[in-house]
Amino acid sequence: MRSPRRIAEAVTRLAHPGPSRGRTRHSKVGLSQVRDDGPSDLCTFAGMPLEGLLAAHVDEVQYSQDPLGRRGQWRETASIVVRTLISRRAPETSSAKVLHIRSSEQEHLAMISSSVAESLGEEVAILSADAAGRDAFLDAIWSSTLFDVVRSFGFAMFRRKRIWQCLRDEAMPEGPTPGMVVIFWRQLLLGLSMRRFLERQNYLECVTADFDRGYLTGPWFAAASSLSIPSCSFQHGVIFPSGVVSGFSPLVADAIGVWGSPAREQLIREGVDPKRIHVVGNAALPIYVVPQDHMRELRENPKPGVPAAVVLALSGWDSEKNRALVEMFSAIKRRCDKEDIHFLVRLHPAYPTDEFQWIRRDFGLDVADRAASLEEFIRSTSVLLVADSTFGIVGLANGIPTGRAEVKEERINSGTGYVEYLGIPEVSCYEDFQALLLREQVLDRERVMAVIGDPVGSRITDMIASLRLEPGKRVSRLPLG
C-alpha cells in the first residue's frame, strides 16, 4: 500500500537533499533541471519546477486509494479540460504588489490571510481558492488553450516514468497509476494558467500562500519560480523537533514563515536553508489559546445538556492508520462503564465528511460537529487523544488532559513530537486510557507556547520586504509556447 506520508517525505528529501545542497537552478525551458551540488532528480515543464506540482499531487494521493476519490479526481480534471475548451478570455490584472492565495475557508487559514492583509494594507490582493470560491477563482486566472491540454497530457504520459523514478524505490515500488497521471496532468494545466496570470501582473513583487504543497497553491509557487518572482508560504499546523519529516518544508517557495523557534529548528534539520526560515508567530493564536480566566470559567460551568466528551482528533490521509486508531478508540469506549461520557471523533477540517461515514456505520461512534467553535470544544472536552493533529496543542494549551493515540500492533510513525518534545503519554488500550485519567499532566508550558508561537504583525512585513523584487529587477521571462 502506497503511503502519502512516505511519498511526501521522499519529495521533501528530493527538494532538500541536505544542508550542504544548494537551491534549485533551472537551466532552460524543457525537460531538464540541474542542482547546485546535486543530481538531476526532477525536471521542469515550461520553466516550472516540478517539485511544486509533484507536491500538490502528493496531497491528492489518498484519492487514488479510494474509488469515490478516484471518480472525483477524474471529474475535477474533466471540468478543467472543459473550462479550457470554452474559455476564451485573458486572465484578470491587478495593481497589487503582493498576491496572497487562501487555499481553504478553514478558520486558521483565513486568519493567516487576515494577518497578511493587515500587515500590508492596500498593497496585497487576496485570492480565495476555497471550495466556495473555486469557480470564481479559476475564472479569474484561467487562460489555457487546447494546445496546452495536448502538450501537458503528452508530458504527463511520456515523462511519467522518469518523474516517478526518483520516488519508486522507497515510496512507490509499483509506479504511477493512471489516476495519478491524470492528477499530474491537471496540475500541469493549472500551472500554465497561473503562469500566464502572473505574467500579466505588472506590479507584482511577491507571491504568498498558506501552503506550497496544496492542490491550488503548489502550481502558484512553481509558476512564480519560473518567472523569478519571490514567494513565501506559512506554517499552518504544528511542527515539533522530531525525527519525522514535518511535511511543511518549502519545496518551491523561497521562504517560509513559521510559528516559533521549535519549528525553525525542525526545518533546518530537514535540510531547509536557515536564511529561508522566518519566525513570524502564529496568526491563529487567538483561536488556539483561550485566556486563562475565561477557560477556567468554561471548564467550571459546563453547558447544560452537553455531556463531557472524550475526543479522538484524526489528522493525515493514511486511511489504514485512521481506521486502526478509530478501532482502538472504539475498544476503549466498549470497556468504559461511564454512561455520562460521550466518545467523539473529530475530523481534520480538510476531510470530506461523506468519506468518513464508516466511523458511525462500523464502530458506532459519533463525529464532532465541524461548525462547533473552539469555546464549545474547550467547554465539553474532558480528554483528548491525537495522532499528529494540531488540536493536541490546542488541548494542552487550554489544560485538557491529552494523550497520543497509538496502535500497539503497528506503531504509527506520526505525532512522535508530542511524546518526545512535550512528554505526553501514549494511549493504545483501555489501561493506558485509565492511567491518563489518573495522571496529573505536568507540562513545560513554555515549550507548549514556544511551539504555538506569539504573533507579531511586523514580522510578516519584514519577511515579505526581504523577498520583494526591486522595481525593474524582474528577470526576462521564459516563453510558454
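Both backbone and side-chain heavy atoms feed into the values below; hydrogens, waters and symmetry mates do not.
- Salt-bridge formation is detected for the pair Asp148/Arg196: a Lys NZ or Arg NE/NH1/NH2 atom is positioned less than 4.0 Å from an Asp or Glu carboxylate oxygen.
- For Ala209, the side-chain contact (heavy atoms from CB on, under 4.5 Å) criterion is met by Ile101, Thr217, Phe221, not counting sequence neighbours.
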Exercise. When you look at Ile126 and Val124, which way does the side chain to side chain contact (heavy atoms under 4.5 Å, CB included) test go after all the steps?
Worked result: CA-CA 7 Å; Ile126 309 290; Val124 66; 4.1 Å; yes
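- The minimum heavy-atom distance between Leu314 and Ile359, with the atom names listed, is CD1-CD1, 4.3 Å.
- In terms of the side-chain contact (heavy atoms from CB on, under 4.5 Å) criterion, residue partners of Arg323 (sequence neighbours excluded) are, by chain and number, Trp358, Asp362, Phe363.
- Scanning all heavy atoms of the two residues, the minimum distance from Met463 to Cys232 falls at CE-SG, 3.7 Å.
- At a threshold of 4.5 Å between non-hydrogen side-chain atoms, the residues Gln201 and Phe197 count as touching.
- Looking at residues two or more places apart in sequence or on another chain, you find no side chain to side chain donor-acceptor pair (under 3.5 Å) involving Gln235.
- With sequence neighbours left out, Arg360 forms a side chain to side chain donor-acceptor pair (under 3.5 Å) with Asp366.
- Between Leu347 and Val345 there is a side-chain heavy-atom pair separated by less than 4.5 Å.
- Here the side chains of Arg459 and His278 are not in contact, with every heavy-atom distance at 4.5 Å or above.
- Atoms CH2 and NE2, on Trp259 and His236 in that order, are 8.5 Å from each other to the nearest 0.5 Å.
- Counting only distance, with no hydrogens or angles, the side chain of Lys321 and the backbone of Ser315 share a donor-acceptor pair below 3.5 Å.
- Atom CD in Glu265 sits 11.5 Å away from atom CD1 in Ile239 (nearest 0.5 Å).
- Judged by distance alone, the side chain of Ser119 and the main-chain N or O of Ser115 form a donor-acceptor pair under 3.5 Å.
- Separation of atoms CD1 (Ile452) and CD1 (Ile393) is listed at 5.0 Å; rounding is to 0.5 Å.
- Scanning all heavy atoms of the two residues, the minimum distance from Thr390 to Gly237 falls at OG1-CA, 3.4 Å.
- A 4.5 Å side-chain heavy-atom check between Pro274 and Arg264 finds at least one atom pair inside the cut-off.
- Counting heavy atoms from C-beta outward, Phe234 and Leu109 have side chains that stay 4.5 Å or more apart.
- Summarising the geometry, atom NZ belonging to Lys97 is positioned 13.0 Å from atom SG belonging to Cys206; distances are rounded to the nearest 0.5 Å.
- A donor-acceptor distance shorter than 3.5 angstrom exists from the side chain of Arg447 to the backbone of Tyr421, with no hydrogens or angles considered.
- In this structure, Ser233 and Asp212 approach most closely via the heavy-atom pair CB-N, 4.0 Å.
- Taking Phe153 as the reference, Met157, Trp185 meet the side-chain contact (heavy atoms from CB on, under 4.5 Å) condition, with sequence neighbours excluded.
- With hydrogens and angles disregarded, no donor-acceptor distance shorter than 3.5 Å links the side chain of Gln266 to the backbone of Pro262.
- Between Leu99 and Leu198, the closest side-chain pair of non-hydrogen atoms falls below 4.5 Å.
- By the side chain to side chain donor-acceptor pair (under 3.5 Å) test, Ser113 pairs with His100, sequence neighbours left out.
- Between Arg186 and Leu189, every side-chain heavy-atom pair lies at or beyond the 4.5 Å cut-off.
- Scanning both residues, Pro230 and Asp254, for their nearest heavy atoms gives CA-OD2, 3.2 Å.
- Rounded to the nearest 0.5 Å, atoms CG (Leu120) and CD1 (Ile464) are 4.5 Å apart.
- The side-chain contact (heavy atoms from CB on, under 4.5 Å) test applied to Ala96 returns Ser94, Ala125, not counting sequence neighbours.
- Using cut-offs of 30° and 60° on the angle between ring planes, the pair Phe240 and Tyr418 is perpendicular.
- For the pair Val207 and Ala224, the tightest heavy-atom approach, listed with the atom from each and the gap, is CG2-CB, 4.2 Å.
- Each of Asp210, Ile112, Leu127 was evaluated against Arg102; a single residue qualifies, Asp210, per the side-chain contact (heavy atoms from CB on, under 4.5 Å) test.
- In this structure, Leu385 CG and Leu312 CG are separated by 6.0 Å, a value rounded to the nearest 0.5 Å.
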